[in-house]
Amino acid sequence: MNYLEELNDVQREAVLSTEGPTQIIAGPGSGKTRVLTYRIAHLINIGVDPFSILALTFTNKAAENMRRRIESICGAKARGLFMGTFHSVFARVLRVEAPKMGYPPDFTIYDTDDSRSLIKSIIKERNLDDKIYKPALVQWRISAAKNSLITPDMYAADPDLRIEDERQRRPETSLLYKMYCDRCFKAGAMDFDDLLLNTHLILDKFPEVLYKYQHKFRYVLIDEFQDTNFVQYDIVRRIADVFHNITVVGDDAQSIYAFRGATIDNILHFTRDYPDCKVFKLEQNYRSTQVIVKAANELIHNNKNQLQKEIWTRNEKGEPIKIIKTPSDNDEGRWVTDSILELCMRDHYRYSDFAILYRTNAQSRAFEEALRRHNVPYRIYGGMSFYQRKEIKDYLAYLKLTINPHDEEALKRIINYPARGIGQTTIDKITITAVNENKSMWDVIANIRAYNVAPRTLNAIEEFALMINSFRALLSKMNAYDLALHIGKTTKLIAELYSDKTVEGVNRYENVQELLNSIKEFTEDDEVTSDDALPADKGLGAFLQNVALLTGDEKEKSNTDTVKLMTVHAAKGLEFPVVYVVGLEENLFPSMQSLYSAEDLEEERRLFYVAITRAEKKLFLTYANTRYRNGQLHFSEPSRFIDEIPRELTNYAGIAADKNYGPAVPSWRNSTPPRANTSHTSSARTHTPPAEGPFTADDPALLQAGMEVFHEKFGEGKIIAIEGAGTNRIAAVQFADLGIKKIMLKFARLKIIRSGV
DNA sequence: GTGGGATCGGTTTTT
DNA sequence: CCGATCCCAC
């Protein structure tokens with residue numbers, strides 16, 4: 001078995017000792033994925049039935065990647081292996097088992113948007129103020145409860161939670177939680193958390209189900225164990241409770257999902273639950289230069305809450321880490337682009353060797369613009385995923401409704417799209433009736449004649465119900481693709497998009513075609529991993545089951561020689577020869593909300609640790625002096641994380657000084673940074689703005705930076721009138737060559753409301 | 001009930 | 001800057 005020869009001693013041991021509980025602590029670049037894949041491949045090679053192996057990963061990408069690697073070693077033998085994300089694997093289990101809890105086998109999966117929108121409508125129905133009951137917060141609280149295995153009843157009974165909710169002026173949260181669960185259930189829908197919670201509940205309540213999976217999955221392996229939450233660990237622990245062949249792979253230093261309920265405690269609990277477990281520590285780094293490895297070690301030592309571990313490497317020393325300060329976010333984009341072009345020319349790097357990593361998705365803009373200007377091909381990962389686009393969600397809503405007409409979110413989305421004369425008032429009435437009669441909205445619609453409805457509306461609703469029912473009748477007669485196409489045509493959805501010839505419209509049409517393609521692929525894909533316990537299904541229903549769990553960007557586009565842009569979170573598990581970690585500013589990375597708690601700050605530090613350890617050869621850290629965030633100009637201080645890297649590993653000098661990007665070391669490093677002045681807003685009511693100069697800020701630095709952006713965007717201009725008071729004010733600006741434009745001033749930010757004279 | 005314009009408000013990270 | 005929402009004229 002030649003694959004074993006590629007491994008070092010620890011790695012080989014970790015691959016070969018297949019039996020019993022095993023913990024593999026694997027630092028960045030230590031060949032973690034390799035060990036995990038080889039371990040699975042090895043299991044198959046020594047004769048373990050792939051059907052009895054359960055491998056859980058954190059992302060679809062990781063699962064796919066690993067499956068490919070295993071198949072390249074084992075070939076067809078690897079078929080039938082149970083591998084996927086927690087959510088996708090247990091969604092499959094629930095398709096079989098959830099009817100025991102009263103869910104339909106074709107239950108819908110609500111994504112974050114669906115679930116938020118449902119919460120929103122419940123808040124509205126209860127006549128609560130959505131300024132206080134912010135849907136996102138309520139959703140977060142419900143999610144946290146589910147992840148801690150707290151049911152609505154337990155929530156209501158818990159005095160601590162009640163006190164906390166009352167303190168936050170949201171006493172009805174408990175009730176909302178209950179209503180939310182009821183509504184999901186009635187809609188035949190589960191949200192992401194339900195997939196885990198319900199799996200747990202079923203294993204808990206139905207011993208025969210637990211027995212079945214305990215004996216089916218003789219080997220359980222979990223990747224990115226540090227990112228699992230309480231429920232996830234609980235589920236796998238139960239499943240592995242008979243054979244004890246449970247392997248967890250992870251690195252506490254790379255735990256970056258605590259905000260989502262992941263807990264490092266799982267690592268500690270694991271050694272407590274399996275005191276006899278074997279532990280392997282993979283500390284040799286094969287990825288990065290000594291400089292990068294050293295920087296990473298030094299950085300992470302600032303965290304108190306960390307298992308002792310030190311990564312090391314035999315790789316070359318490497319270049320110092322370059323630290324670059326730019327005047328603005330746009331300059332940052334330009335500088336990085338220049339740097340990429342230079343390295344391509346001088347050192348013959350390819351575009352695909354570069355990654356630009358940022359803290360928030362919103363930061364991608366400046367880089368996109370600069371890269372596009374220089375015709376550098378790039379690809380953005382994450383952000384708005386394919387399946388979150390409006391046109392896709394609309395289309396999918398029809399498909400979902402066909403499968404499960406009780407799906408409330410799908411129904412509300414398309415009941416009047418394309419417009420068919422069913423307005424908001426009617427929809428509200430239906431909702432209220434449904435709630436009052438304890439039915440789903442579909443029950444009301446399908447039986448609309450029983451209610452007193454104006455003839456015109458009644459007609460529209462009946463036609464709608466008839467259409468959906470006609471689709472349902474075809475379910476057993478057509479394959480997924482034909483039916484989807486038929487639905488698109490009948491509803492005029494495709495025609496509507498086709499007629500839109502704007503750039504966005506064409507794009508939307510193409511997206512829908514893309515969706516249809518993927519349905520076709522799904523229909524024709526015959527790689528069946530059939531199994532009596534969990535039969536594979538190729539119908540429209542099965543397609544939809546998967547769709548909610550996909551992030552959609554998995555499909556590689558034709559051109560792969562592209563610069564990659566993504567958040568640090570999305571970069572986990574990846575590596576690149578050259579990495580730019582950008583936007584390294586206090587309040588951004590580390591993020592503003594992490595600065596109040598030590599734990600959160602440590603998570604940010606781990607995130608930065610993940611970011612820099614993606615780099616193989618060259619690492620650049622950049623930050624911008626000024627940046628627009630929610631339309632406001634912000635001055636920034638360099639991130640504290642920059643200071644935590646030993647000076648001898650870094651190079652601040654020569655930073656593009658020849659290109660006028662400004663001095664490398666910030667001038668206010670040890671003094672008070674200038675702050676955006678907001679005092680003028682409060683006095684704005686009585687203050688008449690001066691007749692000239694677009695800014696009333698009295699901070700000269702702010703004025704200066706503001707003017708720069710202003711001129712860059714609009715050229716020379718002069719304010720001739722301002723109306724309004726408060727934060728938003730409309731200014732008429734006279735431009736030398738463009739006439740007069742109306743511009744909205746928001747604090748110091750300019751927004752065009754209307755262009756032209 | 002529809003559609004357009006004005007206005008307001010807001011931001012981490014993801015399955 | 002862009003999406004959600006409000007308001008108003010058809």
Side-chain angles (χ1 to χ4, degrees), chain A residues 56-63 84-91 109-113 115 117 120 124 130-131 134-136 140 143 147 190-196 224 227-229 231-232 255-262 357-363 365 381-385 387-388 390 416-427 454 456-457 460 546 548-553 566-572 583 587-594 600 603-604 606-608 610-611 628-632 634 713 724 726-730 742 744 746-747 749-754:
Chain A
L56 295 164
T57 61
F58 195 65
T59 62
N60 293 304
K61 201 162 51 177
T85 62
F86 274 90
H87 295 269
S88 70
V89 165
F90 293 119
I109 297 173
Y110 278 173
D111 67 16
T112 317
D113 294 337
S115 114
S117 125
K120 210 171 179 180
K124 250 213 189 104
D130 64 1
K131 298 266 158 41
K134 287 190 180 155
W140 192 83
S143 170
N147 283 320
M190 296 193 199
D191 65 18
F192 287 147
D193 301 315
D194 288 330
L195 295 176
L196 303 174
E224 307 284 11
D227 291 327
T228 53
N229 64 30
V231 193
Q232 289 169 321
S255 153
I256 55 176
Y257 283 97
F259 72 91
R260 204 173 103 184
L357 308 182
Y358 34 75
R359 178 67 237 267
T360 67
N361 281 309
Q363 284 166 255
R365 202 212 77 250
Y381 290 78
M384 167 87 88
S385 95
Y387 293 103
Q388 284 175 358
K390 182 189 176 316
N416 198 32
Y417 178 81
R420 54 174 68 88
I422 306 175
Q424 197 52 51
T425 348
T426 312
I427 297 171
R456 190 207 286 235
T457 317
N546 285 320
L549 300 171
L550 293 179
T551 38
D553 293 304
M566 66 190 88
T567 63
V568 180
H569 282 91
K572 197 161 74 150
N587 294 336
L588 182 58
F589 196 174
S591 100
M592 185 123 61
Q593 29 265 302
S594 74
D600 288 352
E603 175 150 319
E604 294 284 313
R606 291 193 295 267
L607 195 57
F608 187 58
V610 169
Y628 277 109
R629 287 219 270 162
N630 356 316
Q632 281 180 65
H634 287 261
K713 267 207 145 98
T727 55
N728 305 319
R729 288 185 262 167
I730 299 185
K742 271 194 175 179
M744 178 145 88
K746 221 174 176 186
F747 290 100
R749 169 60 161 170
L750 307 164
K751 180 193 176 181
I752 304 177
I753 291 215
R754 191 177 290 141

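Just so we're on the same page: letters track the sequence lines, and every chain starts at 1.
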Measure from the side-chain heavy atoms of [X] and tell me the nearest of [options].
X: A/N361; options: B/dT2, B/dT13, B/dT15; answer: B/dT13
X: A/T425; options: B/dT2, B/dG1, B/dT15; answer: B/dG1
X: A/K120; options: B/dT13, B/dT2, C/dT5; answer: C/dT5
X: A/A570; options: B/dT2, B/dT14, B/dT15; answer: B/dT14
X: A/F259; options: B/dG1, B/dT15, B/dT14; answer: B/dT14
X: A/A419; options: B/dG1, B/dT13, B/dT2; answer: B/dT2

What is the distance, rounded to the nearest whole Å, between atom [atom1] of [X] and atom [atom2] of [N]?
X: A/I422; N: B/dT2; atom1: CD1; atom2: C1'; value: 14 Å
X: A/K390; N: C/dA4; atom1: NZ; atom2: C1'; value: 14 Å
X: A/L195; N: B/dT15; atom1: CG; atom2: C1'; value: 9 Å
X: A/R456; N: B/dG1; atom1: CZ; atom2: C1'; value: 8 Å
X: A/W140; N: B/dT14; atom1: CH2; atom2: P; value: 17 Å
X: A/E603; N: B/dT14; atom1: CD; atom2: C1'; value: 12 Å
X: A/Y417; N: B/dT2; atom1: OH; atom2: C1'; value: 15 Å
X: A/Q232; N: B/dT14; atom1: CD; atom2: P; value: 16 Å

| said: Any non-hydrogen side-chain atom of A/F589 less than 4.5 Å from a side-chain atom of A/L607? | reply: yes
| field | Counterpart residues, side-chain hydrogen bond (donor to acceptor under 3.5 Å, both in side chains), relative to A/T85 (two or more places apart) | value | A/S88
| For A/F259, all residues meeting ring-ring contact (aromatic ring centres under 6.0 Å, His included), sequence neighbours excluded | A/Y257, A/H569
| message | Looking at every non-hydrogen atom in both residues, tell me the closest pair between A/A611 and A/L357 and how far apart they are. | response | O-CD1, 3.9 Å
| request: Search all heavy atoms of A/V610 against all heavy atoms of A/V568 and return the closest pair with its distance. | output: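 Shortest heavy-atom contact: CG1-CG1, 4.2 Å.
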| message | Can you work out whether A/G423 or A/D600 has the more 5'-proximal nearest nucleotide on DNA chain B? | response | A/G423
| said: On DNA chain B, compare the nucleotides closest to A/K134 and A/F86; which residue's is nearer the 5' end? | reply: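 Of the two residues, A/K134 wins.
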| A/D193 near the nucleic acid: base, sugar-phosphate alone, or nothing, with a heavy-atom cut-off under 4.0 Å? |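 Contact class for A/D193: none.
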| Which part of the nucleic acid does A/F58 contact within heavy-atom distance under 4.0 Å: base, sugar-phosphate only, or nothing? | sugar-phosphate
Would you indicate, yes or no, if [N] has its OP1 or OP2 atom less than 4.0 angstrom from a side-chain nitrogen or oxygen of [X]?
X: A/N229; N: B/dT15; value: no
X: A/T426; N: B/dG1; value: yes
X: A/T112; N: B/dT15; value: no

| task | List the steps, then state whether side-chain contact (heavy atoms from CB on, under 4.5 Å) holds for A/Q363 with A/L588. | result | CA-CA 10 Å; A/Q363 284 166 255; A/L588 182 58; 3.7 Å; yes
